[in-house]
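Model, not experiment: these values are computed from the prediction. The figures here come from the full heavy-atom set of this structure, side chains too, leaving out hydrogens, waters and symmetry mates.
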Amino acid sequence: MEPAMLDPLDVQRDSITDRVFDEIRQAIVERRLQPGQRLSEARLATMLGVSKTPVRETLIRLQHVGLVEPASGSGLRVVQPSATIVQDAYEVRRGLESFAAGLAAERASGDVRRKISKAADEGLACTLASDEPGRRGADRILHTLIATGSGNAKLAADIEDYYVLTWALRQRDVPEMSESARCGEQHQRVAAAISDGDAPAAHEAMAEHLDTLRERVLAVLETSQPAAIFG
């Protein structure tokens, strides 16, 4: 199967490799690049109007993140819907981000703590107002601030990779799943613990939040695609 059509990029904006990464990742989310589809480095470069180098770098990063995998024989393909992949990704996120939340409670500056609380409040308000773009943006800000607030750059980089993976799989494989106020309230508990400097409470609240997310995604995935991932 030939890759779906992708539009040429304006390579003058931002980093070429970052733009290529964002475009191919979004094509996977939107299923313009189908689950299981083999990826041709040369073909993708031609469609995007760039050299093969940023495409090659993007595919390496996407394989590291977990959105593409080795195909039988040779080359790479887009990962297929899989309960195992979702389970594994959220379990790793749980370990990384609960640890980061505890560190942020100990290390984050007062300004970062205030921004985390603001993001939590805005996220819940957007959820209650059915403002999905606003909620998604607040969620991204909150998790990024907690990761950077840990003061551990390597940990923050690993969290970024697993955030990208779980976000992409959720948007692609369970797009019908709505956000719940419970998750927004859990964000507020995480933020409050970090604000109070309570590392054990921050760790526990983040672990509970990611357990809730994992369970909800798996439940919707099982309902929507049982044969593909559980059969």
Side-chain angles (χ1 to χ4, degrees), residues 1-9 14-97 132-133 136-137 139-140 143-144 147 154-177 210 213-214 216-218 220-222 224-225 228-230:
M1 180 187 296
E2 291 248 334
M5 181 56 67
L6 304 179
D7 295 328
L9 296 177
D14 307 318
S15 160
I16 294 175
T17 299
D18 287 345
R19 291 275 291 147
V20 170
F21 178 85
D22 288 344
E23 175 61 21
I24 294 179
R25 179 190 60 190
Q26 193 61 26
I28 291 172
V29 169
E30 295 173 358
R31 293 178 178 251
R32 287 179 283 140
L33 295 171
Q34 291 288 323
Q37 182 173 330
R38 284 179 175 268
L39 300 173
S40 164
E41 187 179 291
R43 175 69 170 160
L44 291 170
T46 297
M47 285 190 294
L48 293 171
V50 299
S51 71
K52 290 194 292 186
T53 298
V55 173
R56 184 179 306 117
E57 292 171 351
T58 286
L59 293 179
I60 290 171
R61 183 178 172 192
L62 286 170
Q63 184 177 5
H64 176 73
V65 167
L67 286 175
V68 304
E69 62 186 2
S72 58
S74 63
L76 296 170
R77 67 177 185 178
V78 179
V79 296
Q80 305 213 42
S82 164
T84 299
I85 291 175
V86 169
Q87 176 86 16
D88 290 351
Y90 273 102
E91 285 180 350
V92 174
R93 265 194 77 184
R94 181 189 194 276
L96 294 173
E97 293 202 51
E132 178 57 19
R136 191 180 304 130
D139 181 272
R140 181 69 157 135
H143 285 276
T144 299
K154 175 60 178 171
L155 178 61
D158 288 343
I159 287 172
E160 168 70 11
D161 285 342
Y162 279 93
Y163 186 98
V164 167
L165 175 60
T166 55
W167 176 85
L169 292 176
R170 176 176 167 182
Q171 293 299 309
R172 186 191 72 174
D173 298 335
V174 291
E176 66 274 27
M177 184 180 124
L210 289 167
L213 269 181
R214 183 189 70 243
R216 293 188 66 229
V217 172
L218 286 172
V220 177
L221 191 61
E222 182 175 10
S224 62
Q225 303 186 64
I229 61 173
F230 294 94

Quiz prompt | Pair R38-S72, side chain to side chain contact (heavy atoms under 4.5 Å, CB included): steps then yes or no | solution = CA-CA 10 Å; R38 284 179 175 268; S72 58; 3.5 Å; yes
Practice problem: Please lay out, stage by stage, how V92 and D88 fare under the test side chain to side chain contact (heavy atoms under 4.5 Å, CB included). | Solution: CA-CA 6 Å; V92 174; D88 290 351; 5.5 Å; no
Exercise. Take R172 and V78, measure what side chain to side chain contact (heavy atoms under 4.5 Å, CB included) needs, and give me the verdict at the end.
Key: CA-CA 12 Å; R172 186 191 72 174; V78 179; 3.5 Å; yes
Exercise. For the pair L221 and R170, evaluate side chain to side chain contact (heavy atoms under 4.5 Å, CB included) and give the outcome as yes or no after the intermediate values.
Key: CA-CA 9 Å; L221 191 61; R170 176 176 167 182; over 6 Å; no
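E41 CD to K52 NZ: the interatomic distance, rounded to the nearest 0.5 Å, is 5.5 Å. Separation of atoms CZ (R32) and CD (Q37) is listed at 11.5 Å; rounding is to 0.5 Å. The structure places CZ of R216 at 4.0 Å from CE of M177, a figure rounded to the nearest 0.5 Å. Separation of atoms CG (L67) and CG (L59) is listed at 11.0 Å; rounding is to 0.5 Å. A distance of 12.0 Å separates CG in L96 from CD in E160, rounded to the nearest 0.5 Å.
Among V217, V174, L165, the single residue meeting the side chain to side chain contact (heavy atoms under 4.5 Å, CB included) criterion with V86 is V217. The only option from L44, L62, V55, I24 that meets the side chain to side chain contact (heavy atoms under 4.5 Å, CB included) definition with L39 turns out to be L44. Of the candidates R61, E23, E57, R61 is the only one forming a side chain to side chain contact (heavy atoms under 4.5 Å, CB included) with D18.
Under a cut-off of 6.0 angstrom, the local environment of CZ in F21 is crowded, with over 12 non-hydrogen atoms contributed by other residues, nucleotides or ligands.
For the pair T17 and T58, the tightest heavy-atom approach, listed with the atom from each and the gap, is O-OG1, 3.5 Å. The minimum heavy-atom distance linking Y163 with R136 is given by the pair OH-O, 4.5 Å. Scanning all heavy atoms of the two residues, the minimum distance from V68 to I28 falls at CG1-CD1, 4.1 Å. Residues A147 and I159 share a closest heavy-atom pair of CB-CD1, 3.9 Å. Shortest non-hydrogen contact noted between L210 and R94 is CD1-CA, 3.6 Å. Here the closest non-hydrogen pair linking R77 and G36 is CB-O, 3.8 Å.
Side-chain contact check for W167 versus V29: some heavy-atom pair is nearer than 4.5 Å. By the 4.5 Å heavy-atom criterion applied to side chains, D158 and E97 are not counted as neighbours. The closest side-chain heavy-atom distance from R25 to D22 is below 4.5 Å. Taking the side chain as every heavy atom from C-beta outward, L169 and V79 approach each other to under 4.5 Å.
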